[in-house]
Amino acid sequence: MRLIEKSPYCYEIAQEGNMRVPGRIYTSKALMPGMEADQSLKQVANVATLPGIVKASMAMPDIHWGYGFSIGGVAAFDWQDGVISPGGVGYDINCGVRLAATSLDMDSLQPYLDKIADALYQGIPCGVGSTGFVKLNQKEAKRVLEQGSRWAASRGLGADSDLEHTEEYGCMDAADSEAVSERALQRGLKQLGTLGSGNHFLEIGVVEEVYEPETAGVYGLAEGQVTVFLHSGSRGLGYQVCDDYLARMTKKSKDLGIELPDRQLVCSWINSKMGKEYYSAMACAANYAWANRQILMHQAEEVLLKTLSMGPRDLGMRLIYDVCHNIAKKETHVVDGVSRALCVHRKGATRAFAPGHPDVCSAYRKVGQPVLVPGDMGTCSYVLAGTEKAMEETFGSTCHGAGRVMSRTQAKKAVKGRSIHRELLDKGIRVKWTGRTTLAEEVPEAYKNVSEVVEVVHGAGISQKVARLRPVVVVKG
DNA sequence: ATGTTC
């Protein structure tokens with residue numbers, strides 16, 4: 001595979017063999033060795049062979065090996081003549097993050113942090129197999145799947161301003177609960193309002209540095225301010241939707257009429273019955289994830305109000321934004337001067353729409369869409385803004401996080417005998433967790449340096465640094 | 001990521 005340097009942060013995988021377009025990798029010399037250590041670049045080249053792919057098979061600097069498609073990949077297919085692939089979305093459909101600001105400053109909150117850590121850990125259902133406070137019957141669950149965050153708001157678990165500050169307003173219209181299997185629906189009944197496990201978290205943090213005061217002001221962020229940051233997805237329901245359609249599409253893979261370089265790239269024509277059905281089911285799982293994050297954030301607010309004996313006005317908790325980073329969406333983009341309907345797959349990649357884009361809510365339209373980039377639990381996270389260059393180069397997309405450099409198994413082996421909890425506490429980070437192996441798997445060194453990842457997307461111009469956040473309390477599954 | 005091999 002030939003890697004050609006196009007600019008300091010952008011490399012090309014030359015088009016060869018069955019590739020229909022080149023590969024394009026956003027990275028730096030510092031991040032290159034990690035990138036070449038696994039099969040992720042090969043996966044980028046494999047995706048370039050899929051029918052209907054437009055412009056390039058792209059990878060963000062946080063790329064690492066994933067199911068079929070690498071995590072950190074962006075691939076857009078023609079809506080008429082292209083394919084849709086569950087592996088291009090990921091098992092955790094609409095895995096994403098949301099950030100809320102509060103009116104508190106970290107100096108005054110410091111004495112209460114231990115109490116807050118205990119209360120959040122008690123009050124937020126987390127871990128594999130956990131169940132939430134909201135129990136659904138089948139009929140109600142279908143409403144969640146078709147309405148997303150709007151369902152949560154209609155049950156008093158969110159406000160209109162929350163919907164306004166959520167990507168897609170917290171609901172994909174294409175959702176049709178008929179496309180979701182009985183088994184997937186069943187798994188969703190008891191899991192609404194649960195955090196999950198692995199890299200999912202709920203964090204109390206502080207705005208440590210502001211890079212763009214004007215944009216930060218528009219978003220409502222200032223240095224020293226206390227924030228609430230949440231990372232979760234569609235839980236067992238989304239997993240089951242992905243699993244169901246991988247199996248169904250594999251059975252019908254002959255319909256595609258082409259040989260795939262990797263069986264994990266199984267896909268359907270977007271235009272086919274199967275393709276449309278997957279899109280409708282995926283949208284349901286995406287809506288479930290939005291409702292889930294909406295409920296989790298509402299629950300976190302309740303816990304903070306009670307723990308701090310405060311009224312909502314004093315706490316001043318308000319959603320800044322909610323983004324998804326595992327999704328396929330019908331979007332219109334200009335390709336070679338022509339406006340085209342595309343199915344943009346972002347798997348471990350975040351939408352980063354530019355200032356002025358009609359899909360950016362009115363409050364933020366002047367400065368561009370907020371992009372939320374969580375780091376590992378011991379470092380920091382970033383708030384970025386979408387740019388025009390992202391629209392031109394990456395279908396309005398950027399990175400989604402730090403990206404793994406060690407597998408979970410490798411990480412567990414690497415930290416044997418160490419107390420990760422103590423190491424983090426020494427850095428002023430209180431961690432609460434439930435899984436026996438969670439802290440080892442999520443140890444900071446298992447991830448790339450998120451600051452290096454962000455330098456790439458900022459340097460390449462596909463998003464702009466706005467602010468950096470530092471965690472002080474972390475709750476994990 | 002995931003009732004971590006229905």
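Note on naming: letters A, B, ... go to the chains in the order of the sequence lines (proteins, then strands), and numbering restarts at 1 for each one.
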Review point. Partners of A/W65 by side-chain contact (heavy atoms from CB on, under 4.5 Å), sequence neighbours excluded?
Key: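 Only A/D38, A/Q39, A/Q43 meet the side-chain contact (heavy atoms from CB on, under 4.5 Å) criterion with A/W65.
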Check your understanding: Reckon A/Q186 touches a base, only the sugar-phosphate, or nothing at all at heavy-atom distances under 4.0 Å?
Key ->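 The residue A/Q186 makes no contact with any strand.
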Check your understanding: Between B/dT4, B/dT2, B/dC6, which nucleotide has the shortest distance from any of its atoms to the side chain of A/V128?
Key ->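 Closest nucleotide among those given: B/dT4.
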**Study point:** Side chain of A/H200 (C-beta onward), nearest among B/dT4, B/dT2, B/dC6
**Key:**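 Of the options given, the side chain of A/H200 lies nearest B/dT2.
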[X] has an atom [atom1]; how far is it from atom [atom2] of [N], in whole Å?
X: A/D92; N: B/dT4; atom1: CG; atom2: P; answer: 15 Å
X: A/E442; N: B/dT2; atom1: CD; atom2: C1'; answer: 14 Å
X: A/K190; N: B/dT2; atom1: NZ; atom2: C1'; answer: 17 Å
X: A/E182; N: B/dC6; atom1: CD; atom2: C1'; answer: 16 Å

**Study point:** Nucleic acid contacts - residues 232-246 of chain A versus DNA chain B, non-hydrogen atoms under 4.0 Å
**Key:** A/R235, A/G236, A/Y239
Check your understanding: Of A/H231 and A/R183, whose nearest nucleotide on DNA chain B comes first from the 5' end?
Key ->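 On the 5' side of the pair lies A/H231.
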Practice item. Please find out if less than 6.0 Å separates the ring center of A/Y9 from that of A/H458. Key: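 Centroid separation for A/Y9 and A/H458: 6.0 Å or greater.
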Practice item. Check whether any side-chain nitrogen or oxygen of A/S197 sits under 4.0 Å from OP1 or OP2 of B/dT2, and answer yes or no. Key: yes
Point to revise | Partner set under ring-ring contact (aromatic ring centres under 6.0 Å, His included) for A/H325, not counting sequence neighbours | key: A/H231, A/H400
Exercise for review: Kindly write out the residues that satisfy ring-ring contact (aromatic ring centres under 6.0 Å, His included) with A/Y121, not counting sequence neighbours, or none if the list is empty.
Suggested key: none
Review point. Quick one: side chain to side chain donor-acceptor pair (under 3.5 Å) partners of A/N94, sequence neighbours excluded?
Key: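 A/N94 satisfies side chain to side chain donor-acceptor pair (under 3.5 Å) with A/R293 once adjacent residues are dropped.
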Review point. Who pairs with A/E146 by side chain to side chain donor-acceptor pair (under 3.5 Å), at least two apart in sequence or on another chain?
Key: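 Once residues adjacent in sequence are excluded, the partners of A/E146 under the side chain to side chain donor-acceptor pair (under 3.5 Å) criterion are A/S177.
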